[in-house]
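Just so you know, residue 1 is the first one in the sequence shown, and it goes up from there.
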Amino acid sequence: MNLIRPYGDTTGDGMVQLSFTLPIEHSKVAEGAAVQLANKMGMDPALVVHAKAMGDGFTFFVVYGRVNHLVDPSTVEVVERDYPLLTPKEANAAIKRAMRRRLVVVGGCIGTDAHTVGIDAILNIKGFAGEKGLEYYRELKVVNLGAQVSVPQLVEAARAEKADAVLVSQVVTQRDAHLLNTREMSAAFREAYPSDKRPLLVVGGPRFDETMADELGVDRVFTRGTTPGEVASFIVHRIAGQKERRAS
């Protein structure tokens, strides 16, 4: 068993930094309330190292303090990548070999989400993190629906384009909107398609938990830092690779 403790100033000292906002005007009482909250969360001692008013009746805090909790990395559950990373050339070749047509990808932001940075980073040719987006792949047909797409509109577009995969980005997370929207989306696709005809459903965003794919009814969840190459490789692995395996 390899238990570990947070590191701050010296190894194993248990020091952590925590930021949060309280609905209270900035004052000494407010700073005392921040320390009280940190103490109740297990930080002892706790020190307010930053406090700033955030409009009327709100204060943002950064608290530094010690915790006694230990972490056991052997019990951590993560989703490991179970497919090879492909270059655009390799992905194009796999699609052409398995499908003999272009693979169709439809993407967008559903609900009231107007933040297209994530979906654009994956789909647009300019890409992200030094990688070209899916539009760069010769054997991919990409349809980017943009922002604030309703679930019925997404299903309709997927059917019209005969989509093989649907990519959805969700950045707005207030009141778990990203989870509610994703569940609504997956339910709509299951209602609209026979189980063996449904397109691959992929969602991504900074607040998703990648272990929740089954719970949300999708095929894959991608979190922050995901690159276009990872998404393209997954789609090719699941769709083109599956067709190749069936053929053999």
Could you check if a side-chain atom of Glu191 sits within less than 4.5 angstrom of a side-chain atom of Val155, using non-hydrogen atoms only?
no
Could you report the tightest heavy-atom contact between Met43 and Asn39, atom names first, then the distance?
O-ND2, 2.7 Å
Decide if atom CZ of Arg207 counts as having more than 12 heavy atoms of other residues, nucleotides or ligands within a radius under 6.0 Å.
no
Rounded at 0.5 Å granularity, tell me how far CG in Leu70 sits from CD1 in Ile4.
9.0 Å
Asp82 to Arg220 - nearest heavy-atom pair and separation:
OD1-NH1, 3.6 Å
Within 45° of the ring axis of Phe234 and under 6.0 Å from its six-membered ring centre, is that where the NZ or CZ of Arg238 lies?
no
Nearest 0.5 Å please: distance from the CZ atom of Arg101 over to the NZ atom of Lys141.
10.5 Å
For Ile95, is there any backbone N or O sitting under 3.5 Å from a side-chain donor or acceptor partner on Glu139?
no
Chi angles and distances behind the side chain to side chain donor-acceptor pair (under 3.5 Å) call for His26, Glu31:
CA-CA 7 Å; His26 182 212; Glu31 294 193 12; 3.1 Å; yes
Hey, quick one: are Val203 and Val106 part of the same hydrophobic cluster, counting side-chain heavy atoms closer than 4.5 Å, chains of contacts allowed?
yes
Do Ser233 side-chain atoms and Leu86 backbone N/O form a donor-acceptor pair below 3.5 Å?
yes
Does Arg159 use its side chain to pair, donor to acceptor, with the backbone of Ala192 at less than 3.5 Å?
yes
Side-chain donor or acceptor of Asn124 paired with backbone N/O of Lys126 under 3.5 Å:
no
For a quick test of reading the model, state the closest non-hydrogen atom pair linking Ala240 to Ala94 and the distance between them.
CB-O, 3.9 Å
Taking every heavy atom of Gly225 against every heavy atom of Phe128, the minimum-distance pair comes out as O-CE2, 4.1 Å
Can you name the closest pair of heavy atoms from Ser169 and His115 and give their distance?
OG-O, 4.5 Å
Using the rule that two of Ile, Leu, Val, Met, Phe, Trp, Tyr join whenever any of their side-chain heavy atoms come within less than 4.5 Å, decide whether Val202 and Val142 are in one cluster.
yes
Residues that, via side-chain heavy atoms closer than 4.5 angstrom, fall in one hydrophobic cluster with Val171:
none
For residues Arg66 and Pro45, determine if any side-chain heavy atom of one lies less than 4.5 Å from a side-chain heavy atom of the other.
yes
Are the side chains of Lys132 and Pro228 in contact, using a 4.5 Å heavy-atom criterion?
no
List in chain and number order the residues that pass side chain to side chain contact (heavy atoms under 4.5 Å, CB included) with Lys197, two or more places apart in sequence or in another chain; answer none if no residue qualifies.
Tyr193, Pro194
Answer yes or no: is there a side-chain heavy-atom contact under 4.5 Å between Met185 and Val218?
yes
When hydrophobic residues are tied together by side-chain contacts of less than 4.5 Å, even through go-betweens, does Val166 share a cluster with Val143?
yes
Which value, rounded to the nearest 0.5 Å, describes the distance between Leu179 atom CG and Met212 atom CE?
5.0 Å
Is it the case that the side chain of Asp164 and the backbone of Val104 share a donor-acceptor pair, with hydrogens and angles ignored and the cut-off at 3.5 Å?
yes
Group every Ile, Leu, Val, Met, Phe, Trp and Tyr by side-chain heavy-atom contacts under 4.5 Å, then state whether Ile239 and Tyr83 land in the same group.
yes
So does Leu22 get a backbone contact from the side chain of Thr59, meaning a donor-acceptor N/O pair under 3.5 Å?
no
Indicate yes or no: at least one non-hydrogen side-chain atom of Leu134 is less than 4.5 angstrom from one of Ile235.
yes
Under a 3.5 Å distance rule, please check whether Thr10 uses its side chain to pair with a backbone N or O of Asp13 as donor and acceptor.
no
To the nearest 0.5 Å, how far apart are CG in Asn144 and SG in Cys109?
8.0 Å
Who clusters with Tyr64? Use side-chain heavy atoms, under 4.5 angstrom, across I, L, V, M, F, W and Y, and order the result by chain and number.
Met15, Leu47, Val49, Met54, Phe58, Phe60, Val62
May I ask you to decide if Leu201's main-chain N or O and Asp219's side chain share a donor-acceptor pair within less than 3.5 Å?
yes
Leu216 versus Phe208: any side-chain heavy-atom pair under 4.5 Å?
yes
Counting distance only, does the side-chain N/O of Thr116 pair as donor-acceptor with the main-chain N or O of Ile119 below 3.5 Å?
no
Given Met41, which partner from the list Val16, Leu18, Val63 fulfils the side chain to side chain contact (heavy atoms under 4.5 Å, CB included) test?
Leu18
May I have the step-by-step check of side chain to side chain contact (heavy atoms under 4.5 Å, CB included) for Val151 and Asn181, ending in yes or no?
CA-CA 8 Å; Val151 168; Asn181 289 339; 5.9 Å; no
Ionic contact status for Asp176 with Arg183, cut-off 4.0 Å:
no
Taking atom CG of Asp214 as the centre, report whether more than 12 heavy atoms of other residues, nucleotides or ligands fall under 6.0 Å from it.
no
Given the rule in the side chain to side chain contact (heavy atoms under 4.5 Å, CB included) test, do Leu85 and Glu230 qualify, once you have shown the distances and angles that lead to the verdict?
CA-CA 6 Å; Leu85 286 178; Glu230 291 177 279; 3.9 Å; yes
Same apolar cluster: Leu140 and Leu200, side chain cutoff 4.5 Å:
yes
Is a side-chain N or O of Asn92 found less than 3.5 angstrom from the main chain of Arg138, in a donor-acceptor match?
yes
For the residue pair Glu25 and Ala30, what are the closest heavy atoms and their distance?
O-CB, 3.2 Å
Show your working on side chain to side chain donor-acceptor pair (under 3.5 Å) between Thr227 and Glu131 and close with a plain yes or no.
CA-CA 7 Å; Thr227 65; Glu131 296 183 4; 3.0 Å; yes
Does atom CD (Glu156) have a neighbourhood of more than 12 heavy atoms from anything else shown, all under 6.0 Å?
no
